[in-house]
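It should be emphasised that the depicted structure is a prediction, and the values quoted were computed from it without experimental measurement. We count ligands from 1, going down the list as the structure has it; atoms in each ligand are counted the same way.
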Amino acid sequence: METTLAEAFPSASEEQLASARDLDPQTFGADGQWVLPFRAFVVVGPDDHVTIVDLGVGTSTSPAASWAPGQGRLPDGLTELGIAPADVGTVVLTHLHDDHVGWVLGRAGVPLFANAQHVIQSAEVAAVADDRTICEATVDPLRAAGLLRELDGPYALRPGIDLDPTPGHTVGHQSVWLSSGDDVLLLTGDVLVHAIQLLFPEVAYAAEADPVAGAATRRRVYDEARRRRAALATSHLTTPYIATPP
Ligand SMILES: [Zn+2]
């Protein structure tokens with residue numbers, strides 16, 4: 001992606017950028033370019049139910065292909081885990097940006113996870129109504145296939161899997177809390193897109209839909225993560241799992 005970190009986070013000070021660089025140096029490329037991975041998460045259980053959270057950048061013809069580096073490899077990753085697309089029972093989409101929905105459609109141009117309900121906040125669906133590129137790659141084919149499940153607010157998806165509206169990055173963004181006994185993990189989605197927003201919750205990303213809500217969301221979920229001793233699972237930091245700073 002041809003964006004510098006200074007452009008992506010225009011309010012960040014040199015000192016804040018330096019601290020973020022100490023925490024996640026690999027996201028700082030040549031000439032200050034932002035280098036970012038793209039990540040999806042697979043949750044197995046309870047009862048062997050397979051849930052995927054986010055669907056990456058997708059095929060070479062997906063909406064993200066114009067800017068994302070190379071073709072996504074989510075199906076290959078699932079195969080390595082012994083999971084076929086038909087085994088997936090639920091897909092949670094944190095939001096409808098093109099780097100999180102790429103494999104809604106497979107190479108054949110039809111929904112890849114044909115046995116999965118695709119769970120999205122209705123506010124997010126409403127927000128993309130005028131974006132034909134995204135609708136034709138996500139909402140329209142899912143709705144036609146009976147695979148779109150819209151939610152309004154917090155939702156207990158399955159035991160130990162709770163969906164939490166986290167607006168800011170987009171208006172209908174949601175995150176996922178996983179819990180098993182005392183072990184808690186927060187799949188953040190794009191509540192934070194870079195280490196600088198982990199260290200400094202007030203620093204907005206230039207493309208954030210609502211920077212005030214985004215900062216409030218970060219403070220709230222970081223507080224809850226610290227209280228519950230939860231680790232964070234992020235989409236775009238170099239390390240998949242990271243603790244919330246004290
Ligand atoms: Zn993203």
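- Between Val191 and Gln197, the shortest heavy-atom distance links the atoms O-OE1, 4.1 Å.
- With 2.8 Å as the limit, His236 counts as an N, O or S neighbour of the Zn ion (ligand 1).
- Checked against the 6.0 Å centroid criterion, the rings of Phe28 and His194 qualify as a close aromatic pair.
- Between the Asp87 side chain and the Ala84 main chain, a donor and an acceptor come within less than 3.5 Å of each other.
- Of all the N, O or S atoms in Asp190, the one closest to the Zn ion (ligand 1) is OD2.
- Using a cut-off of 2.8 Å, one finds that His97 contributes no N/O/S atom close to the Zn ion (ligand 1).
- Atom OD2 is the N, O or S atom of Asp99 at the shortest distance from the Zn ion (ligand 1).
- Using a 4.5 Å heavy-atom threshold, the side chains of Asp98 and Trp67 count as touching.
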